[in-house]
K.L.:
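Encoded as structure tokens, here's the structure I'll be asking about.
For the numbers below, each heavy atom of this structure counts, side chains included, while hydrogens, waters and symmetry mates do not. Nothing here was measured: the structure is a model prediction, and the numbers come from that model.
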Amino acid sequence: DAGVTQSPTHLIKTRGQHVTLRCSPISGHKSVSWYQQVLGQGPQFIFQYYEKEERGRGNFPDRFSARQFPNYSSELNVNALLLGDSALYLCASSWDTYEQYFGPGTRLTVT
Amino acid sequence: GEDVEQSLFLSVREGDSSVINCTYTDSSSTYLYWYKQEPGAGLQLLTYIFSNMDMKQDQRLTVLLNKKDKHLSLRIADTQTGDSAIYFCAESPHAGFQKLVFGTGTRLLVSP
């Protein structure tokens with residue numbers, strides 16, 4: 001069975017630019033969550049979507065936004081990139097939001 | 001508040017048991033989780049326990065929950081070199097949606 005997929009794998013952007021990260025959940029899963037993992041730390045919650053509606057938002061600035069599409073895939077958008085946005089961005093999918101299965105992540109480097 | 005604490009490092013010999021400890025702060029957490037992260041990879045869900053349980057066993061893994069002390073532990077029996085990784089404890093403090101709050105992770109090193 002295909003797990004959670006994320007694209008791209010790696011990305012290098014310049015300060016001030018915009019980035020879009022993509023996630024495809026496990027087939028049948030209706031919920032997608034996004035997390036940011038800075039090097040040496042645990043993941044921090046950014047957003048959760050369930051059935052295309054935002055269920056929760058973490059303590060991140062408005063530069064971060066996301067959406068979920070009718071096929072349950074999701075995009076995370078970050079505007080006006082800062083050096084501090086460099087991190088591994090993880091997507092997790094779940095059927096009922098309890099068992100969250102993570103993808104391999106997108107490593108974003110902002111220079 | 002939401003805070004999860006773990007010790008940073010644990011070193012064991014192959015074949016020994018490993019015990020990774022975690023303390024959390026939110027007594028309303030309904031589920032508590034253990035995830036494993038290998039270098040350069042995403043997080044693998046190992047196991048989780050519902051807050052009304054004291055213990056859960058799954059093959060080599062045993063989870064113990066002391067809800068009074070807000071203490072969670074993961075025991076790995078017969079630890080193998082392939083178990084070397086970072087282990088994260090996570091709580092889910094919110095009703096209505098399952099936001100995971102992670103600790104900083106415990107790096108487990110298994111030597112032959």
K.L.:
Please look at B/Gln6 and chain A and tell me whether the side chain, the backbone, both or neither of the residue comes under 4.5 angstrom of a heavy atom of that chain.
P.N.:
neither
K.L.:
Among A/Ala92, A/Pro43, A/Gly40, which has the most heavy-atom pairs under 4.5 Å with chain B?
P.N.:
A/Pro43
K.L.:
Does atom CD of A/Glu51 have more than 12 heavy-atom neighbours, drawn from other residues, nucleotides or ligands, at distances under 6.0 Å?
P.N.:
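Count over threshold, so yes.
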K.L.:
Flag yes if more than 12 heavy atoms outside A/Asn71 fall under 6.0 Å of its CG atom; otherwise flag no.
P.N.:
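Counting other residues, nucleotides and ligands, CG of A/Asn71 exceeds 12 neighbours.
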K.L.:
For A/Lys13, is there an ion pair with A/Asp85 - N to carboxylate O distance below 4.0 angstrom?
P.N.:
no
K.L.:
If I measure from the heavy atoms of chain B, does A/Gln37 come under 4.5 Å with its side chain, its backbone, both, or neither?
P.N.:
side chain
K.L.:
Does any heavy atom of chain A fall under 4.5 Å from the side chain of B/Leu45, the backbone, both, or neither of them?
P.N.:
side chain
K.L.:
Specify the closest pair of heavy atoms between B/Tyr24 and B/Asn66, including all atoms of both residues, with the distance to one decimal.
P.N.:
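Taking B/Tyr24 first and B/Asn66 second, the nearest heavy atoms are OH-O, 4.5 Å.
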K.L.:
For the pair A/Gln44 and A/Tyr35, evaluate side-chain hydrogen bond (donor to acceptor under 3.5 Å, both in side chains) and give the outcome as yes or no after the intermediate values.
P.N.:
CA-CA 5 Å; A/Gln44 297 288 317; A/Tyr35 293 81; over 6 Å; no
K.L.:
With chain B, which of A/Gly105, A/Cys91, A/Pro104 has the greatest number of heavy-atom pairs at distances under 4.5 Å?
P.N.:
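Max contact count across the listed options: A/Pro104.
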